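Fair warning: this is a prediction, and the values are worked out from it, not measured in the lab. Each chain gets a letter, A, B and so on, in the order its sequence line appears, and its residues count up from 1.
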Protein chains: 2
Amino acid sequence: MLRCIAGEAAAVMRIDARGIEETGMNIGQAARASGVSAKMIRYYEATGLIPKATRAYSGYRHYTEHDIHILRFINRARAAGFSTLQIRKLLSLWQNRQRPAREVKQLATEHLSELQEKISELEAIADTLSQLIAHCHGDERPDCPILDNFSDADATQAFAEPRRMRRAHPSVHRTSSK
Amino acid sequence: MLRCIAGEAAAVMRIDARGIEETGMNIGQAARASGVSAKMIRYYEATGLIPKATRAYSGYRHYTEHDIHILRFINRARAAGFSTLQIRKLLSLWQNRQRPAREVKQLATEHLSELQEKISELEAIADTLSQLIAHCHGDERPDCPILDNFSDADATQAFAEPRRMRRAHPSVHRTSSK
DNA sequence: CTTGACCTTCCAACGATGGCAAGGTTTAGC
DNA sequence: GCTAAACCTTGCCATCGTTGGAAGGTCAAG
């Protein structure tokens with residue numbers, strides 16, 4: 001690519017067109033400042049969740065405090081378990097000064113319902129499992145109500161129905177998988 | 001492929017090498033009998049969770065009641081939220097007559113902990129979200145504590161309680177292996 | 001000039017599943 | 001026997017959010 005004329009240091013004070021001082025950041029610094037990994041910043045850009053970053057002559061992406069603001073918003077919404085589609089809507093509401101709070105509340109309420117449904121599913125599983133565990137002697141003998149429950153031999157199956165366990169919320173599945 | 005010599009019907013009685021009668025099933029019938037989709041049966045075979053099915057001359061996979069047994073076990077373990085790795089272990093314990101129930105109990109206990117941790121996370125999110133929702137007037141005006149909570153404007157927060165989900169624990173780029 | 005930290009793009013993978021396509025096989029009806 | 005339907009086969013793509021790596025360009029410091 002083209003060579004950058006000015007060998008300006010990153011994260012240094014810049015003067016923009018309006019003469020206002022801004023801190024310019026490369027993607028790594030933006031990542032550290034926002035809590036969103038550089039990988040994900042590029043991903044969000046590629047999927048249109050955030051606008052395309054301006055580029056330095058070198059091709060490096062360039063971020064301002066405003067961008068960091070947005071990234072932090074996204075990060076918090078994701079931490080709250082919103083899907084990218086929901087975040088897309090939240091972002092556009094956030095940036096629209098004429099938004100009716102009604103729409104935000106509705107979005108959040110829908111998400112809360114999803115969360116509560118998921119919680120109920122997990123609790124049902126956990127309750128059953130803890131009962132099975134409680135009834136397992138857990139010593140060296142091979143008989144075990146947990147295995148019995150999963151096998152055909154047992155008439156009192158607790159997990160008979162193949163009810164789906166969708167993991168729609170990455171902030172949650174993150175913790176234990178991998 | 002080679003033409004099948006005997007045009008035997010599926011799901012019909014077959015005579016195996018030892019002259020023992022068995023009910024033979026194609027993958028579709030096995031799927032219906034076990035509750036595991038044909039797709040997933042092939043997937044489990046490909047990933048080594050179940051052994052490679054025997055094949056008819058036609059190339060069709062062939063399943064016995066024993067295989068259905070195993071598939072049902074897997075289905076129930078999955079319904080209980082066990083990961084494939086955990087199911088792999090459960091399966092080998094199930095098929096080992098000298099298993100100590102202790103190991104099964106330990107596996108189940110670990111999974112229960114994971115479940116409870118997930119439930120706690122989701123509940124923390126749901127609690128915060130429902131508080132935010134409760135404080136949102138939800139009418140046509142634009143001000144909204146939900147959006148405020150996701151933004152940097154800390155001073156304008158609707159209520160200043162220890163609303164965790166903030167930058168504190170995004171937990172998004174921590175990969176806790178198991 | 002070299003080194004190393006940083007950036008770029010592209011490509012692959014995860015887990016569990018669905019879907020589709022192109023082709024082979026079996027079965028039922030005529 | 002012929003045909004159509006219902007089945008099976010493999011293989012590849014897509015999901016969703018995220019991480020990893022490879023191959024290569026850029027930049028600041030020694």
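- Salt bridge absent: A:E103 and A:K89 never bring a charged side-chain N and a carboxylate O closer than 4.0 Å.
- Following rounding to the nearest Å, B:L85 (CG) and C:dC14 (P) show an atom-to-atom distance of 14 Å.
- In this entry the distance linking CD1 of A:I87 with P of D:dC16 reads 13 Å, nearest Å.
- Considering only residues two or more places apart in sequence or on other chains, B:D127 meets the side-chain contact (heavy atoms from CB on, under 4.5 Å) condition with none of them.
- Both A:L71 and B:L147 belong to a single network of hydrophobic side chains, linked directly or stepwise wherever heavy atoms of I, L, V, M, F, W or Y lie under 4.5 Å apart.
- Distances shorter than 4.0 Å separate some side-chain N or O of B:S37 from OP1 or OP2 on C:dG18.
- Hydrophobic clustering places A:L112 together with A:F82 (ILVMFWY residues linked when any side-chain heavy atoms are closer than 4.5 Å, directly or through intermediates).
- Between the OH atom of A:Y57 and the C1' atom of D:dC27 there is a distance of 17 Å, given to the nearest Å.
- Atom CZ of B:R78 is separated from atom C1' of C:dT17 by 10 Å (rounded to the nearest Å).
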query: Where along nucleotides 7-13 of chain D does protein come under 4.0 Å, by heavy atom, of base (B) or sugar-phosphate alone (S), with - for untouched nucleotides?
result: BSBBBB-
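- Nucleotide C:dG15 holds its P atom 12 Å from the CG atom of B:L49, rounded to whole Å.
- A sub-4.0 Å separation between OP1 or OP2 of D:dG17 and a side-chain N or O of A:T84 is present.
- Across A:A101 and B:H137, no two heavy atoms sit closer than the pair CB-CE1, 3.4 Å.
- Within 4.0 Å (heavy atoms only), B:T47 reaches no atom of the nucleic acid at all.
- Axis angle across the helix from C:dC1-D:dG30 to C:dC30-D:dG1, with five pairs used at each end and values rounded to 10°: 30°.
- For A:I74 and D:dC16, the CD1 to P distance is 17 Å, given to the nearest whole Å.
- Ion pairing between a basic and an acidic side chain is recognised when a charged N comes within 4.0 Å of a carboxylate O; A:R99 and B:D143 show no such pairing.
- For A:F150 and B:W94, the gap between ring centers reaches or exceeds 6.0 Å.
- Distances from the side chain of A:Y44 to the nucleotides D:dT18, D:dT19, D:dG17 place D:dT18 closest.
- Separating the CE atom of A:M40 from the C1' atom of C:dC7 is a distance of 18 Å, rounded to the nearest angstrom.
- Between the C1' atom of D:dC16 and the CZ atom of A:R88 lies a distance of 12 Å, rounded to the nearest Å.
- Between B:D139 and A:R102 no salt bridge is recorded (no basic side-chain N to carboxylate O distance below 4.0 Å).
- A donor-acceptor contact closer than 3.5 angstrom is absent between the side chains of B:H62 and B:D67.
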